There are 2 protein chains.
Amino acid sequence: MELPKETLHGKWYDDACGTAFALEVIGERWALLVVRELMLGPLRFSDLRGGLPGISAKILTERLAGLERAGVVQRRQLPPPAAAQVYALTEWGLLAEPAIQELGRWAARSPAHDPQLPLSPVSLMMSLRTMLDRKAARDVTADVGFAIAGQEFRARLADRKLPIVREPVAGAEVIARAPQAALIAGAIYDGLDPADLTGLSITGDLRQWRRFARLFSLPPKVG
Amino acid sequence: MELPKETLHGKWYDDACGTAFALEVIGERWALLVVRELMLGPLRFSDLRGGLPGISAKILTERLAGLERAGVVQRRQLPPPAAAQVYALTEWGLLAEPAIQELGRWAARSPAHDPQLPLSPVSLMMSLRTMLDRKAARDVTADVGFAIAGQEFRARLADRKLPIVREPVAGAEVIARAPQAALIAGAIYDGLDPADLTGLSITGDLRQWRRFARLFSLPPKVG
DNA sequence: CAGAATCCCATTCGATACTG
DNA sequence: CAGTATCGAATGGGATTCTG
């Protein structure tokens, strides 16, 4: 039997540079996207697959094992009666968020970036944290629920911070519901009127939704 | 004849998330390290190889072609009599610096990171820009020359900013010379006395060197 | 020296099928 | 659901050769 392939080769680059070490940990295909999916909380194997269109069970298994060896991911046994296994980021894994955000922010500035591709609910939530205009968000508070393709999130804006957690939307000031994340992206980043987007429904304080949505914008393209 | 293999597959991940697009551009092995090496200015093919221990000519050729197609790198023909070809980052490529820095900063917090591996001169210079303590640097100015393994850089600290350019060291307030970057890293990050590091020489205003060196520190490890 | 082209092998990927 | 097993295809990377 072969060794289970090590993500942490340690000899990939033979370079003391931190960036090189980061690439040894999350530089394999899919690895960083797995981390992204876990950024908003633990997930089960099949939920991970759901957020990563196209990843195979084999590769996901390998990546999770590698990330676990590297100390980015932890496997957790949920107590009965759930009896399910979930994958969670470690403390260090959680700290990767700024790096993920900077990569996203950078890529979004390329004219070649196509924002029309499928978008996972987590991607959209993460993009809100990335693209929040913190100047404009000064003195704004909001409690917004998102229900996207069966997943529920709660974003609470205060003090220019925007924590987002997996949590039932019930009780939020505004709730956005959509079968796909792209609809909500259209309403926020393209400034489209929610009424024009079939499938999207905004319930609750609509005025508050508009105020919230205006706080996000994509970075300008270069060139 | 085959298509020259596209770095910009566009179908790698099929994901609108900016991070996923970034990975399509710089997610292949070595790609981001090539970008790192170019971050301080254009280089020739063989200089790139020098800073990337272990990359083969074939792979470097492929990555440069892919990065050029993606709009990260530009090929430039130097005017005669130089008659050399160099690779430079595009405007967008240059904007990748924060992402590279965040990845490095994150990786440096892992207990598993081994800073004893070989370090390219560019890596060290980039790490200074990353690890500068901008609070401590308030009201400090400095003009420091680095001559490492034949490459010369000039770092000018002012207004908490630290531009570093390839430029002769002559005329700087302090000049650090060393055959390998690791020696200078030891003097800065490990706080070692330059006098104890054989091969390292600091000339010029030594007091200024100490003030400068104290402005840099590695992030705390997690766990 | 600066690459492009070729050959070749090891590793990795990804689709499908299978199992507890 | 949560993975394993398997296999063909794609990619990675070393060595060598060829060119300007």
Side-chain angles (χ1 to χ4, degrees), chain A residues 1-14 23-24 26-34 37-38 42-68 73 75-78 80-88 150, chain B residues 1-15 23-24 26-34 37-38 42-69 73 75-78 80-88 150:
Chain A
M1 178 174 152
E2 286 304 312
L3 281 177
K5 200 199 57 134
E6 315 196 16
T7 287
L8 211 47
H9 313 69
K11 297 185 52 193
W12 256 37
Y13 292 121
D14 191 34
L23 293 175
E24 290 183 1
I26 47 76
E28 284 180 303
R29 192 144 153 53
W30 293 107
L32 193 57
L33 298 186
V34 171
E37 283 299 307
L38 294 176
L43 286 177
R44 287 172 306 169
F45 192 88
S46 44
D47 297 325
L48 276 167
R49 286 198 74 172
L52 300 169
I55 196 172
S56 70
K58 176 194 179 184
I59 296 300
L60 180 53
T61 302
E62 286 180 10
R63 290 302 167 271
L64 287 169
L67 290 169
E68 190 177 7
V73 159
R75 196 180 295 240
R76 283 194 206 150
Q77 207 58 241
L78 252 41
Q85 186 169 218
V86 296
Y87 296 89
Chain B
M1 177 173 151
E2 285 305 312
L3 281 177
K5 200 198 56 136
E6 313 197 16
T7 287
L8 211 47
H9 313 68
K11 296 186 50 192
W12 254 39
Y13 293 119
D14 192 32
D15 189 326
L23 293 176
E24 291 184 1
I26 49 74
E28 285 181 304
R29 192 144 151 55
W30 292 108
L32 193 58
L33 299 186
V34 170
E37 283 298 308
L38 294 176
L43 286 177
R44 287 170 306 170
F45 191 87
S46 44
D47 297 324
L48 276 167
R49 286 198 73 173
L52 267 9
I55 198 173
S56 70
K58 178 191 179 184
I59 297 303
L60 181 53
T61 301
E62 285 179 10
R63 291 301 168 271
L64 287 169
L67 290 169
E68 191 176 7
R69 264 197 310 279
V73 159
R75 197 179 292 241
R76 282 193 205 152
Q77 208 57 241
L78 252 40
Q85 187 169 217
V86 295
Y87 296 89

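Note that the structure is predicted; figures quoted are calculated from it, not measured. All chains are named by letter (A, B, ...) in the order of the sequence lines, taking the proteins before the strands, and each is independently numbered beginning at 1.
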Visitor: Are R75(A) and dG3(D) close enough that a side-chain N or O sits under 4.0 Å from OP1 or OP2?
Guide: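 For R75(A), the contact criterion (side-chain N or O under 4.0 Å from OP1 or OP2 of dG3(D)) is met.
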
Visitor: For the helix from dC1(C)-dG20(D) to dG20(C)-dC1(D), how many degrees between its two end axes (five pairs per end), to the nearest 10°?
Guide: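 What I find for the helix from dC1(C)-dG20(D) to dG20(C)-dC1(D) is an axis angle of 30°.
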
Visitor: Atom CG of L48(A) to atom C1' of dA2(D): distance rounded to whole Å?
Guide: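 The answer, rounded to whole Å, is 12 Å.
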
Visitor: Taking CD from E62(A) and P from dT11(C), how many angstroms apart are they, rounded to a whole number?
Guide: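 Going from CD in E62(A) over to P in dT11(C) covers 13 Å.
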
Visitor: Please examine the side chains of V34(A) and I26(A), heavy atoms only from C-beta on, and report whether any two atoms are closer than 4.5 Å.
Guide: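 When only atoms from C-beta onward are counted, V34(A) and I26(A) do not touch, as no gap falls below 4.5 Å.
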
Visitor: Measure the distance from CG on D47(A) to P on dG3(D) and round it to the nearest whole Å.
Guide: 12 Å

Visitor: Without swapping roles, check the side chain of R29(A) against the backbone of G27(B) for a donor-acceptor pair under 3.5 Å.
Guide: no

Visitor: Taking only residues two or more places apart in sequence, or in another chain, which ones meet R75(A) in a salt bridge (Lys or Arg N to Asp or Glu O under 4.0 Å)?
Guide: E68(A)

Visitor: To the nearest 0.5 angstrom, please state how far the CG atom of L33(B) sits from the CG atom of L60(B).
Guide: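 Interatomic distance, L33(B) CG to L60(B) CG, rounded to 0.5 Å: 11.5 Å.
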
Visitor: Starting at CZ of R63(B), measure out to CG of L32(B) and round the result to the nearest 0.5 Å.
Guide: 12.0 Å

Visitor: Report the residues that fulfil side chain to side chain contact (heavy atoms under 4.5 Å, CB included) with R44(A), sequence neighbours left out, ordered by chain and then residue number.
Guide: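 D47(A), A84(A), V86(A).
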
Visitor: Taking only N and O in the side chain of T61(A), is any of them less than 4.0 Å away from OP1 or OP2 of dG3(D)?
Guide: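 False: T61(A) side-chain N/O out of range (4.0 Å or more) of dG3(D) OP1/OP2.
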
Visitor: Donor-acceptor pair, Y13(A) side chain versus W30(B) backbone, under 3.5 Å?
Guide: yes

Visitor: Between Q85(B) and dG3(C), is there a side-chain N or O to OP1/OP2 distance below 4.0 Å?
Guide: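 Answer is yes, contact under 4.0 Å.
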
Visitor: Can you tell me which residue pairs pass the side chain to side chain donor-acceptor pair (under 3.5 Å) test with a partner in residues 49-59 of chain B, sequence neighbours excluded?
Guide: none

Visitor: What is the distance, to the nearest angstrom, from the OH atom on Y13(A) to the P atom on dG12(D)?
Guide: 11 Å

Visitor: Rounded to the nearest angstrom, tell me the gap between atom CG in L60(B) and atom P in dA5(C).
Guide: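 Rounded to whole Å, this separation is 15 Å.
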
Visitor: Take the protein atom CG of L52(A) and the nucleotide atom P of dA2(D), then report the distance between them rounded to whole Å.
Guide: 14 Å

Visitor: Heavy-atom distance under 4.5 Å between the side chains of L64(A) and L48(A), does that happen here?
Guide: yes

Visitor: Are any protein N/O atoms closer than 3.5 Å to N/O atoms in nucleotides 14-20 of chain C? If there are, list each pair with its distance.
Guide:
unit_1	atom_1	unit_2	atom_2	d
dG14(C)	OP1	R29(A)	NE	2.8
dG14(C)	OP1	R29(A)	NH2	2.4
dG14(C)	OP2	W30(A)	NE1	3.2
dG14(C)	O6	K58(A)	NZ	2.3

Visitor: dG3(D), OP1 or OP2 - any side-chain N/O from Y87(A) closer than 4.0 Å?
Guide: yes

Visitor: Please state whether the phosphate of dC13(C), meaning OP1 or OP2, lies under 4.0 angstrom from any side-chain nitrogen or oxygen of R63(A).
Guide: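 Affirmative; the distance criterion is met.
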
